[in-house]
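Inspection log for the structure reproduced underneath, given as structure tokens.
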Amino acid sequence: MNPDRKIPKVYARIWGAVKKIPRGRVSTYGAVARLAGLPGQARLVGYAMFNLPEGSGVPWHRVVNARGKISLPPGRESARRQLALLKREGHRFVGGKIDLKSAGWPVRAFTR
DNA sequence: CTGGTGACCATTA
DNA sequence: TTAATGGCCACCA
């Protein structure tokens, strides 16, 4: 219970899109925004991730920025967790980033 | 109502 | 290649 805070509708929409990212793949804030029907609102996706409650079951770690890098400040706890989770799913960081052309999702968005 | 903010992005130089 | 800039808009105080 504790409905102290209501869950904004946009967040739910964004989280729903993030849940669709398959294991072993990653997406970007901009791509997630599009999937959620909110084109051009990448910043909102970041905002939604920041406000993501723990234990939500949303694979937030599969969302990286347009450069294929982790957007969190290096050294921060969540950043290390994200890195660990991604490696655990078989991702390889070359030059500190993931190759979106091969691991990006939806594939369509990164293969043209 | 207003103004500040942000786990972003594409463009430009 | 990097750095700066404007745009985007829900959320919050």
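Residue numbers start from 1 in every chain, and the chains themselves are labelled A, B, ... in the order their sequence lines are given, proteins ahead of strands.
If you measure from atom CZ of A:Arg80 to atom P of B:dA7, you get 19 Å, rounded to the nearest angstrom. Put simply, CH2 on A:Trp15 is 15 Å from P on B:dA7, counting in whole angstrom units. A:Ile14 has its CD1 atom 13 Å from the P atom of B:dC8, to the nearest Å. Rounded to a whole Å, the CG atom of A:Asn51 is 16 Å from the P atom of B:dT5. Atom CG in A:Leu83 sits about 15 Å away from atom C1' in B:dA7, given to the nearest Å. As rounded to whole Å, 9 Å separates atom C1' of B:dG6 from atom CZ of A:Phe50. At whole-Å resolution of the value, CG in A:Leu38 and P in C:dG7 are 21 Å apart. Between the P atom of B:dC9 and the NZ atom of A:Lys69 lies a distance of 13 Å, rounded to the nearest Å.
Between A:Tyr47 and A:Tyr11, the shortest heavy-atom contact is CD2-OH, 2.8 Å.
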Report, one pair per line, the protein and nucleotides 8-11 of chain C atoms (nitrogen or oxygen only) whose separation is under 3.5 Å.
none

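With rounding to the nearest 0.5 angstrom, the CZ atom of A:Arg23 is 8.5 Å from the NE2 atom of A:His91. To the nearest 0.5 Å, the span separating OG1 on A:Thr28 from CZ on A:Arg34 amounts to 9.5 Å.
Under the 4.5 Å side-chain heavy-atom criterion for ILVMFWY residues, a single connected hydrophobic cluster contains both A:Phe93 and A:Leu85.
Screening A:Leu100, A:Ile21, A:Val63 for a side chain to side chain contact (heavy atoms under 4.5 Å, CB included) with A:Val26, the sole residue that qualifies is A:Leu100.
A:Arg76 CZ: 12 or fewer foreign heavy atoms inside a 6.0 Å radius.
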